[in-house]
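One structure, pasted below without further comment.
This is a predicted model, so every value here is computed, not measured. Heads up: numbering here begins at 1 and tracks the sequence.
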Amino acid sequence: MIRARLAPESERERIVIDIRTDHDADSRLWWETTAGDPPSLPDRLDAAALALIAKAMNFTQDLHLEGPVSWRLLANLEEYVDAWTRWRPDIFRPVAITADTVVDDRGEGSGPLGGRAVAAFSGGVDGTYSAYAHVRGLLGHRSLDLAAAVLVQGFDIPLDDDAGFALAAAGARAMTDELGIPLVTMRTNWQAVADPEWQMTFGTAVAAVLHLFHERAGNALLAADTTYDAFTLPWGSNPVTGPLLSSSRMRMSQPGAGVGRTEKTRVIGDLASVREHLRVCWQGDDAGRNCQRCEKCVRTKVNFLAAGHGAIPALGPLHPGELRSVTIGSTGAHDLYVELLDQADRLPDDVVEDLRWLVDQPIQHHP
């Protein structure tokens, strides 16, 4: 069994979870706030349940939280386990999830915080579009007031790369400042102590961070990185199990799944901060800046071109023939290039020709 509790020395700036297991040495999970208004000390262990469910399934160890946990979240996580043990039985096995105290929140909701949200924000196309759409009221009745955007070190930027994270944070702050959203930066050792496979589990890691802000907002936003007609399963962020990372007081949603990537770049491309600081990759020499040559950078250049914005400083120009240097590593990425061909009438003829060549190449799946 895996047992977790809030460490007694926890404080707002550094929330610590003590972890004891039957299969490994004791360890500690922590979240530290490095800039901005930190979350309150948690009154429930919902964030710990989210952070540790993947580890429990991977080691086939039941998970027990030594403290209070929301009933709705426990019920949702049981469904989450059912889904992922069917999708990836090679990584995840069925487990039970229990708590010292189950807070019956079935008749509750987020109350006056129901119109406010806290959003994951890495400075990429999806998160920036989501923030912009909420701030500008582009989502109709779904538009929410953003209480905070949260950027986390320890996910795509490693904990030992403070310089890279400082660059990313400066760029993210420029964008959130232009949108009028408070930015909170945090760091966590989640990957070292609780991550069996990042691509399948990052949704729970992000959800855990956002649930820490339950006293500030009733909604947690992890922007959709695909559209409803082309989402990938299994994948760590998806419209099937994403909503299951919710309690009654903190609803998890993934805005932007009804909008393609080119349309997102069309919407956000007029922001000066986006043109200078958009960050879509982590393969550059500086983790806080784009490499400007990887598959995702090149694809995003074409998105901006098709959106009518041309080249932007954050990505640089699309060089002649550059698309032919790209290797497509997943079906999801391939689908995004096919989607770009739907905008062929907005692209130069040589770019369209290179796109057609590229989508005919075999997908070289990542190991």
Between Leu221 and Phe121, is the side-chain contact (heavy atoms from CB on, under 4.5 Å) condition met? List the steps. CA-CA 9 Å; Leu221 307 180; Phe121 192 84; over 6 Å; no

Distance-minimising heavy-atom pair for Pro39 and Thr33: CD-OG1, 3.5 Å

Under a 3.5 Å threshold, yes or no: a donor from one side chain and an acceptor from the other, between Tyr132 and Glu178? no

Please determine whether side-chain contact (heavy atoms from CB on, under 4.5 Å) holds for the pair Thr98 and Leu63, giving the CA-CA distance in whole Å, both sets of side-chain angles, and the decisive distance to 0.1 Å. CA-CA 6 Å; Thr98 57; Leu63 175 61; over 6 Å; no

Salt bridge flag under 4.0 Å for residues Arg299 and Glu339: no

What do the steps show when you test Arg187 against Val152 for side-chain contact (heavy atoms from CB on, under 4.5 Å), and what is the final call? CA-CA 5 Å; Arg187 61 200 307 269; Val152 182; 5.9 Å; no

What heavy-atom pair brings Val103 and Pro68 nearest, and what distance separates the two atoms? CG2-CB, 3.8 Å

Classify the ring geometry between Phe155 and Trp198 as parallel (under 30°), tilted (30 to 60°) or perpendicular (over 60°). tilted

Any salt bridge linking Asp18 with Arg28? Criterion: basic side-chain nitrogen under 4.0 Å from a carboxylate oxygen. yes

So which residues get pulled into Trp30's cluster when ILVMFWY side chains under 4.5 Å apart are joined, directly or through others? Val16, Leu159

Would you mind checking if Glu353 and Arg356 are paired as a salt bridge, meaning a charged N to carboxylate O distance below 4.0 Å? no

In sequence, state the C-alpha distance, the side-chain angles, and the governing distance for Arg346 and Leu340, and then conclude on side-chain contact (heavy atoms from CB on, under 4.5 Å). CA-CA 10 Å; Arg346 293 186 258 170; Leu340 277 168; over 6 Å; no

Side chains of Asp100 and His64: is there a donor and an acceptor less than 3.5 Å apart? yes

Under 30°, 30 to 60°, or over 60°: which ring-plane class applies to Trp84 and Trp87, parallel, tilted or perpendicular? perpendicular

Arg116/Asp145 salt bridge by N-O under 4.0 Å criterion: no

Between Gln254 and Ser237, do the side chains contain a donor N or O and an acceptor N or O under 3.5 Å apart? yes

Output yes when Lys264 and Asp225 qualify as a salt bridge under the 4.0 Å nitrogen-oxygen rule, no when they do not. no

Aromatic Trp71 / basic Arg106 pairing, under 6.0 angstrom, 45° off normal: yes

Shared ILVMFWY cluster between Leu305 and Leu271, side chains joined below 4.5 angstrom? no

